[in-house]
Amino acid sequence: QVRLVESGGGLVQAGGSLRLSCAASGIIFSINTIHWYRQPYGKQREWVGIITSRGSTNYADSVKGRFTISRDNAKNTVYLQMNSLKSEDTAVYYCNCPGNHWGQGTQVTVSS
């Protein structure tokens, strides 16, 4: 059974940083592409970025240059490092892997 668990969210001031984690189980983690998404309250879920099995990354324009995705295959974990946070980054953040598997999400709130 595939399970994704996000953690690391919280309240931070604008300009601050947070690092989110996505811990995976039930999949061969090292060969899987992992996506990050976010959903602001009352809005649609939007794509944030991707990391492939080889560690290649790509990001939405809204976070490019501020967010960095990395992975530790030994720990079956993907990270989302978020710097220079803005109020518009406030959302529930989710990770996703092939097979339409989602975690429960972690709330990030950026105060201005």
Side-chain contact test, heavy atoms from C-beta onward, threshold under 4.5 Å: evaluate it for [X] versus [Y] and give yes or no.
X: Val108; Y: Arg38; result: no
X: Val2; Y: Cys97; result: yes
X: Leu11; Y: Gln107; result: no
X: Trp47; Y: Asn58; result: yes
X: Val63; Y: Met82; result: no

*Are Trp36 and Phe67 co-members of a hydrophobic cluster defined by side-chain heavy atoms under 4.5 Å apart?*
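Same cluster.
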Where do [X] and [Y] come nearest, in terms of heavy atoms and distance?
X: Ala14; Y: Ser112; result: CB-CA, 4.2 Å
X: Gly9; Y: Thr106; result: N-OG1, 3.1 Å
X: Ala24; Y: Leu4; result: CB-CD2, 3.6 Å

Between the main-chain N or O of Val92 and the side-chain N or O of Arg45, is there a donor-acceptor pair closer than 3.5 Å?
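The answer is no, because no donor-acceptor pair under 3.5 Å joins these two groups.
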Flag, side chain of Thr57 to backbone of Ile51, donor-acceptor distance under 3.5 Å
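No.
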Enumerate the ring pair (Phe, Tyr, Trp, His ring centres under 6.0 Å) contacts for residues 90-112, please, sequence neighbours excluded, ordered by first and then second residue.
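Listed once each, the pairs are Tyr37-Trp102.
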State the [atom1]-[atom2] distance between [X] and [Y], to the nearest 0.5 angstrom.
X: Leu20; Y: Thr77; atom1: CG; atom2: OG1; value: 12.5 Å
X: Ile34; Y: Ile50; atom1: CD1; atom2: CD1; value: 9.5 Å
X: Ser111; Y: Leu85; atom1: OG; atom2: CG; value: 10.0 Å
X: His35; Y: Thr52; atom1: NE2; atom2: OG1; value: 10.0 Å
X: Leu18; Y: Gln81; atom1: CG; atom2: CD; value: 8.5 Å

Self-check item: Residue pairs fulfilling side-chain hydrogen bond (donor to acceptor under 3.5 Å, both in side chains) with at least one residue in residues 2-26, sequence neighbours excluded
Solution: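 Passing the test, one end in residues 2-26: Ser17-Asn83.
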Identify whether the distance between the nearest side-chain nitrogen and carboxylate oxygen of Asp89 and Lys86 falls below 4.0 Å.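 No, this pair does not count.
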Atom NZ of Lys43 with >12 non-hydrogen neighbours under 6.0 angstrom: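 Open.
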